[in-house]
There are 2 protein chains.
Amino acid sequence: MTSPFVRKLRQGAQLSTEDEILLMGLSRSLHYAEARHDIYSEGDRPGSLTLILKGWACRDKILENGQRQIIAFFLPGDLCEPFGILPPFMNHSITALTPVTYARLRPDELRAMAQENSSIEQALWWDALAAMELQHEHVVSLGRRQAVERLGHLFCELHMRLAVVGLADRTGFSLPVTQQELGDALGLSAVHVNRSLRELRSLGFVNLRHRRLDLLDLNALKEFSLFDPAYLRFNGQPLHDGAWSAPSAVER
Amino acid sequence: MTSPFVRKLRQGAQLSTEDEILLMGLSRSLHYAEARHDIYSEGDRPGSLTLILKGWACRDKILENGQRQIIAFFLPGDLCEPFGILPPFMNHSITALTPVTYARLRPDELRAMAQENSSIEQALWWDALAAMELQHEHVVSLGRRQAVERLGHLFCELHMRLAVVGLADRTGFSLPVTQQELGDALGLSAVHVNRSLRELRSLGFVNLRHRRLDLLDLNALKEFSLFDPAYLRFNGQPLHDGAWSAPSAVER
DNA sequence: TCAGAGAATTATCGCGGGTTAGGTTCGACC
DNA sequence: GGTCGAACCTAACCCGCGATAATTCTCTGA
């Protein structure tokens, strides 16, 4: 079983078996975080990079008035920091949303590996670029999309990201976050998330219950949410199920 | 006269004179863009990285319904793409807001320079990290701040970023964007930007007229906007004017 | 000096989404 | 089976901000 990290990086570079073995060898130092506990808190001086192996985490910030904003969701295979540098101190938190297994990586080791192996260098930079563009799209959602579109768009994004690491299929995926947390990510109140979920359900797109999101009509949801997967920069190759519409990234 | 790029990078690494000469030597290929014209359009395959030397630009995206979201402002000294990779295609635009002079850099040249010179490597990665955290703060603003705070927070941020490259002093700075563009960045309508500006003026914090922002009470504005400059990751050293409150980044 | 265009400004009206408050369901634990 | 807390769901009310439109300001160029 290949790691989610490697599965994702295949989207960004042609990796040989040796490349993949090298990348998997990075995850030596395994750690565990309980749900709702910080992996890093604001002000911490991180000693290593964080690679999520199992479970969901997020980057979030608590404001002076107690409000919370979730800046990014981290899924299995995601690096929480850029691979080339360690922040001298954290100005936000990395928080486990579920029980999380993660590895601690050393940036000098990653940089050295990238220097010696150009496929890996390409893959790591591709991952950094994709992570940035995820942020860009988040800004677009918060700035210019209505609540229902925001939710729908997020569901489409999560679905594609999870599918790449084998954690989603056509019927849906596990969505282990509360409606409050969805609101904290989308700049909405929990109440309005609930209203919007009801609307998505009544439109026949999705159904969220018991921490699982059922996709009833994925294509209709994508169309409704104006979801263009180009920003994910997936090449579409290893999405084993041909029934999915491949992103048009490569064709552009 | 040192370039704004070098001036900014001094905030992230100890640069020798030779380092600075190397960095300035990168800007060989000079280009010019007219105000309101794209430097890169959506779908373009960029052939080089963009370094802003003079004028203001932005990263923006036009939605299907015609709405626009400005994802980031680029000031003199800013790199519009990560230094290590060229996006295979653009999924948003880089647009000049004023007449812009920029340089085209080659990522392989930058990566090679970073490999041979660890101060420059440190500086470039520091810059990439700071750019990402700017995006994080943008998400926080759009998600959880009210219109007036968003505006105030943006003014504080622009002031610090411009001051580092010598384009702002205690009294204010040139702000060559329309209220519509401020709204496109902050997820607001132009009308509401105007309302919020009036409020900031009536509170005695700032005055915006003729494309210049006068800072009437910067400390009060920072307090009002809950502005914590830690996310900019400036070390505070080369801010020649001692009257400014140095960011607390280094002390954390 | 005047005309025209774009930007700034202000007022009115209505909607999207926040706030508050209540009830319901569910799972964990005793 | 009963209790407790967390999450889910719904309704009523209200406010921040969007939409529209009309007016004024500013700059540019003929």
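Both backbone and side-chain heavy atoms feed into the values below; hydrogens, waters and symmetry mates do not. First the proteins, then the strands, lettered A, B, ... as listed; each starts at 1.
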message = Check this one for me: any side-chain N or O of A/N194 less than 4.0 Å away from OP1 or OP2 of D/dC8?
response = no
query = In whole angstrom, what separates A/R144's CZ from D/dA19's C1'?
reply = 13 Å
ask   = Are OP1 or OP2 of D/dC9 and a side-chain N or O of A/Q179 less than 4.0 angstrom apart?
value = yes
Contact summary for B/Q179 and B/N194, nearest pair of heavy atoms = OE1-ND2, 2.9 Å
request  = Could you state the atom-to-atom distance from CG of A/N65 to P of C/dG18 in whole Å?
outcome  = 14 Å
ask   = For A/I70 and A/C58, which heavy atoms make the closest approach, and how far apart are they?
value = CG2-CB, 3.8 Å
key: Whole-Å distance separating the CD atom of A/Q67 from the C1' atom of C/dT19   = 12 Å
task = Name the nucleic acid region contacted by B/R150, choosing base, sugar-phosphate or nothing; use a 4.0 angstrom heavy-atom cut-off, strictly under.
result = nothing
inquiry  = Just to be sure I understand the rule, does A/R211 reach a base, reach only the sugar-phosphate, or reach nothing, if contact means heavy atoms closer than 4.0 Å?
reply    = sugar-phosphate
request  = Could you please name the option among D/dA19, C/dA21, C/dG18 that lies closest to any side-chain atom of A/H192?
outcome  = C/dG18
query = What's the CG-C1' distance between A/L175 and D/dC8, to the nearest Å?
reply = 14 Å
query = Expressed in angstrom and rounded to an integer, what is the separation of A/L197 atom CG from C/dG17 atom P?
reply = 14 Å
inquiry  = In whole Å, I'd like the distance from the CZ atom of A/R195 to the C1' atom of D/dA12.
reply    = 10 Å
Cation-pi check, B/R45 onto B/Y40 ring (under 6.0 Å, within 45° of axis) = no
message = Within the 4.0 Å heavy-atom criterion, would you say A/R209 contacts the bases, only the backbone, or no part of the nucleic acid?
response = nothing
note = Taken to the nearest whole Å, CZ/A/R212 to P/C/dC26 is 18 Å
task = Tell me which of A/V191 and A/A147 sits closer to the 5' end of DNA chain C, going by the nucleotide each one is nearest to.
result = A/A147
task = Give me the ring orientation class for A/H136 and B/H92: parallel if the planes are under 30° apart, tilted from 30 to 60°, perpendicular past 60°.
result = perpendicular
task = Name the nucleic acid region contacted by B/T178, choosing base, sugar-phosphate or nothing; use a 4.0 angstrom heavy-atom cut-off, strictly under.
result = sugar-phosphate
request  = Report which part of the nucleic acid B/G187 touches: base, sugar-phosphate, or nothing (heavy-atom distance under 4.0 Å, all strands).
outcome  = sugar-phosphate
ask   = Whole-Å distance between C/dG17 P and A/L182 CG?
value = 15 Å
Where B/Y231 and B/E157 come nearest, the two heavy atoms and their spacing = OH-OE1, 2.8 Å
query = Which part of the nucleic acid, if any, lies within reach of B/R198 when heavy atoms closer than 4.0 Å are counted: base, sugar-phosphate only, or nothing?
reply = sugar-phosphate
key: Phosphate OP1/OP2 of D/dG16: any B/Q146 side-chain N/O under 4.0 Å   = no
inquiry  = Pick the closest DNA chain D nucleotide for B/L188 and for A/R201 by heavy atoms, then say which residue is nearer the 5' end.
reply    = A/R201
